There are 2 protein chains.
Amino acid sequence: MASKIQENLEQSNNVYITTFTEGHLALPPAKKYAVLTCMDARIDPARAFGINLGDAHVIRNAGASAKDALRSLVISEQLLGTQEILLIKHTGCGMLTFKNEDAHAAVRTNLGEAAAAEIGGLDFLPFPELEEAVREDVRFLKGSKVIPEAVTISGWVYEVETGKARRVV
Amino acid sequence: MASKIQENLEQSNNVYITTFTEGHLALPPAKKYAVLTCMDARIDPARAFGINLGDAHVIRNAGASAKDALRSLVISEQLLGTQEILLIKHTGCGMLTFKNEDAHAAVRTNLGEAAAAEIGGLDFLPFPELEEAVREDVRFLKGSKVIPEAVTISGWVYEVETGKARRVV
């Protein structure tokens, strides 16, 4: 028995394939770059950032965390040839609204001690100030020895209220 | 001096904002679900999976790894109210083409010993067989105590050659 969400995927995909003509694209991103942004539901990277199918890796996690994305970024660059990273956080991010202790308390209260023990001291990587978090993540990537100096890195803020992306660093 | 990639973002975004009308959307995903898929350049989740702006979290990493996405999934469910996960891996995935030792060798050869030391024994999370990897990740999520049993989880394969998404589990 499919859920409504699963039915929506199947029905939407059945329509998508009727006009799909891009089955020839190669595995490595054609324009050799990676976009790292948040999982937030209000961001559509392809449309908002002008990414054509096949052009770029798109990495998304809670808060567009560079630390969390490091495994994916190393694979993107060392094995699939990307040479530039656009790091894009956004206004109204959930990561601005809680602290690590709040997330751990929610897990303990909602799911119990066994769940709390499973994640242990996990860093949920929240941040208190948006632009400073963009700068800090760009510094982290520039300071990492697994991201070569030749990789171009820029940091941006996307405004969910206006659709505007503006460069921070 | 902006790179061509950065110029493309700015120019595309300047066009995007001229028709942007969705600045009112709330932070929690309206349809209360999360899609976890790969960073692969050939996937456009919004179009291929029928995700309207504001409806769902979209988490993307190398290989659509559930383990790698656990921090984001816990935030999605415990703090932002999502109740369903669609896990979607894909044909032709880069993660099928290498082993952990290949990735570590690439880092050591291209970037040197200091870079290799920085990532230590990092698990790049490659997998040798696609559908089994989907099943294994769904088992991992269902077995995790931080994903409540009430969360609906399904596993899919997206075919980059045809645009088709088909359910595995």
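Values reported hereafter were calculated over all heavy atoms of this structure, with side chains retained and with hydrogens, waters and symmetry mates removed. Here is the naming used below: chain letters follow the sequence lines, and residue numbers restart at 1 for every chain. Quantities reported herein were computed from a predicted structural model and do not represent experimental measurements.
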Could you tell me which portion of [X] (side chain, backbone, both or neither) has an atom closer than 4.5 angstrom to a non-hydrogen atom of chain A?
{"X": "B:Tyr33", "answer": "side chain"}
{"X": "B:Thr152", "answer": "side chain"}
{"X": "B:Gln78", "answer": "both"}
{"X": "B:Phe98", "answer": "side chain"}
{"X": "B:Leu36", "answer": "neither"}
{"X": "B:Ala56", "answer": "backbone"}
{"X": "B:Leu86", "answer": "side chain"}

Close side-chain approach of B:Phe124 to A:Val74, heavy-atom, < 4.5 Å: yes

Side chain to side chain, A:Lys145 and B:Ile119, heavy atoms closer than 4.5 Å: no

Against chain A, work out which of [options] has the most heavy-atom pairs shorter than 4.5 Å and name it.
{"options": "B:Ser154, B:Ala34, B:Ala62", "answer": "B:Ala62"}
{"options": "B:Glu159, B:Arg167, B:Glu22", "answer": "B:Arg167"}
{"options": "B:Pro28, B:Gly23, B:Ser3", "answer": "B:Gly23"}

Would the distance check show the side chain of [X] and the main-chain N or O of [Y] forming a donor-acceptor pair, the cut-off being under 3.5 Å?
{"X": "A:Asn8", "Y": "B:Gly50", "answer": "yes"}
{"X": "A:Ser72", "Y": "B:Asn61", "answer": "no"}
{"X": "B:Arg71", "Y": "A:Asp123", "answer": "no"}
{"X": "A:Asn13", "Y": "B:Ala48", "answer": "yes"}

Interchain contact, A:Gln6 with chain B, by part (heavy-atom threshold 4.5 Å): both

Minimum heavy-atom distance between A:Val160 and B:Phe20, given as atom pair plus value: O-CZ, 3.5 Å

Neighbour count above 12 (heavy atom, 6.0 Å) for B:Glu149 CD: no

Crowding at CZ, B:Arg108 (>12 non-hydrogen neighbours, <6.0 Å): no

Distance-only donor-acceptor check, side chains B:Asn14 and A:Lys164, under 3.5 Å: yes

